[in-house]
Amino acid sequence: GADDDQPVHNGQNLRSPICCIMGHVDAGKTKLLDCIRGTHVQEGEAGGITQQIGATYFPAENIRERTKELKADAKLNVPGLLVIDTPGHESFTKLRTRGSGLCDLAILVVDLMHGLEPQTIESLNLLKSGKTDFVIALNKVDRLYGWKTCPNAPIGKAIKQQSKDVMIEFNMRLTQVITQFKEQGLNTELYYKNKEMGETYNIVPTSAISGEGIPDLLLLLVQWAQKTMIKRLTYSEEVQCTILEVKVDEGHGTTIDVILVNGVLHEGDQIVVGGMQGPIVTSIRALLTPHPMREFRVKGTYLHHKEIKAAQCIKIAAQVTVSFS
Ligand code: GDP
């Protein structure tokens, strides 16, 4: 009941939104994130990471840089965007449910060449049941026959370069996808033609290979979050944190991988973790994250933080356990 004490929103006091990326296996989730990060995770930079929840932090300055061609005055009030990536294979439904439950909003990736597939519909149902807002990335536009690539261009600019034949195929496939969504009870429309944002879901055509539409996707996500989720994204003093995994990590001792959803954590903070035999009380010896724009699951060097604000994916190095119940 501390609602009265909530700080007034001043445009500076927002945490980063958490965005989940979902879709059928092979729709291009990993490749899309690679394209935004400038990494090569999909090509096996980190073999066999498909079994856990992943996360990447995109600072606002990178998003600003990536979207500047679209709208130089794009106002970003959030410190960044945390993107959660869940395994796409059928056997990981539980992880996907868990991942999507953490999210403020989502990207639903659909392969333009395949339309809606079984895991697209499964993802859609998860999003519906969690009442999670989402943007559809209609991916692989570069596979349209005769597509002229315009690396990293906003989609409007890229579409202007295409021949009539390319646009005929594009529109035919787009219409099919819109019809398939309609069959699932959802209205969808190209985002720049959408006059009923909020009721009609936005489609952003993208290519994860050549980067067309990526600026649009990033800007739409951040602006939508800022516009519709002010209350949800306001910093709370109360820490809200979800554990992904507890393990013994070489060089770090017992580590707890977490998603910090809201609040702030400090080195030395005492924490309580729900263990198999009851609560475990310990304290934070070190707060570690990968570098910005790097995937959490991929082994690399860590940044050490004295304190860290939400939202972030963090590896907590814990002190030796002090009490088991
Ligand atoms: P995920 O299972 O959804 O993570 O899909 P991946 O990112 O692993 O992509 C599956 C395959 O589709 C890979 O061979 C990618 O190179 C390819 N792919 C992904 N996005 C695109 C795209 O935009 N255009 C083209 N031509 N291929 C893509």
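One-based numbering, in listed order, for ligands and for the atoms of each.
- Near Val25, with a cut-off below 4.0 Å to any heavy atom, the atoms of ligand 1 are 2 (O).
- For ligand 1, the atoms closer than 4.0 angstrom to any heavy atom of Ser207 are 23 (O).
- Glu238 and Ser236 share no side-chain donor-acceptor pair at under 3.5 Å.
- A heavy-atom separation below 4.0 Å is not found between Gly23 and ligand 1.
- For the side chain to side chain contact (heavy atoms under 4.5 Å, CB included) with Ile271, the lone residue among Val239, Thr282, Val281, Ile280 that qualifies is Thr282.
- Heavy atoms of Arg143 found under 4.0 angstrom from ligand 1 belong exclusively to the side chain.
- For ligand 1, the polar-atom distance check against Thr206 finds no nitrogen or oxygen pair separated by under 3.5 Å.
- Judged as a ring pair (Phe, Tyr, Trp, His ring centres under 6.0 Å), and not counting sequence neighbours, the contacts of Phe134 are Tyr201.
- Under 4.0 angstrom from ligand 1, the non-hydrogen atoms of Asp26 come from both its backbone and its side chain.
- For ligand 1, the atoms sitting less than 4.0 Å from at least one non-hydrogen atom of Lys31 are 7 (O), 16 (O), 19 (C), 20 (N), numbered in the order shown with element in parentheses.
- Judged by distance alone, with hydrogens and angles left aside, the side-chain atoms of Asn262 form a donor-acceptor pair with the main-chain N or O of Thr234 at under 3.5 Å.
- For ligand 1 and His24, the ligand atoms under 4.0 Å from any heavy atom of the residue are 3 (O).
- Atoms of ligand 1 lying under 4.0 Å from at least one heavy atom of Ala208, given by number and element, are 20 (N), 22 (C), 23 (O).
- Surrounding CE of Met276 are at most 12 heavy atoms belonging to other residues, nucleotides or ligands under 6.0 Å away.
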Under 3.5 Å, which donor-acceptor pairs do the side chains of residues 154-162 form with other protein atoms, sequence neighbours left out?
{"residue": "Lys157", "atom": "NZ", "partner": "Glu69", "partner atom": "OE2", "Å": "2.7"}
{"residue": "Gln161", "atom": "NE2", "partner": "Lys157", "partner atom": "O", "Å": "3.4"}
{"residue": "Gln162", "atom": "OE1", "partner": "Lys148", "partner atom": "N", "Å": "2.8"}
{"residue": "Gln162", "atom": "NE2", "partner": "Lys148", "partner atom": "O", "Å": "2.9"}
{"residue": "Gln162", "atom": "NE2", "partner": "Ala158", "partner atom": "O", "Å": "2.9"}

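- In this structure, Lys128 places its NZ atom where more than 12 heavy-atom neighbours from other residues, nucleotides or ligands lie under 6.0 Å away.
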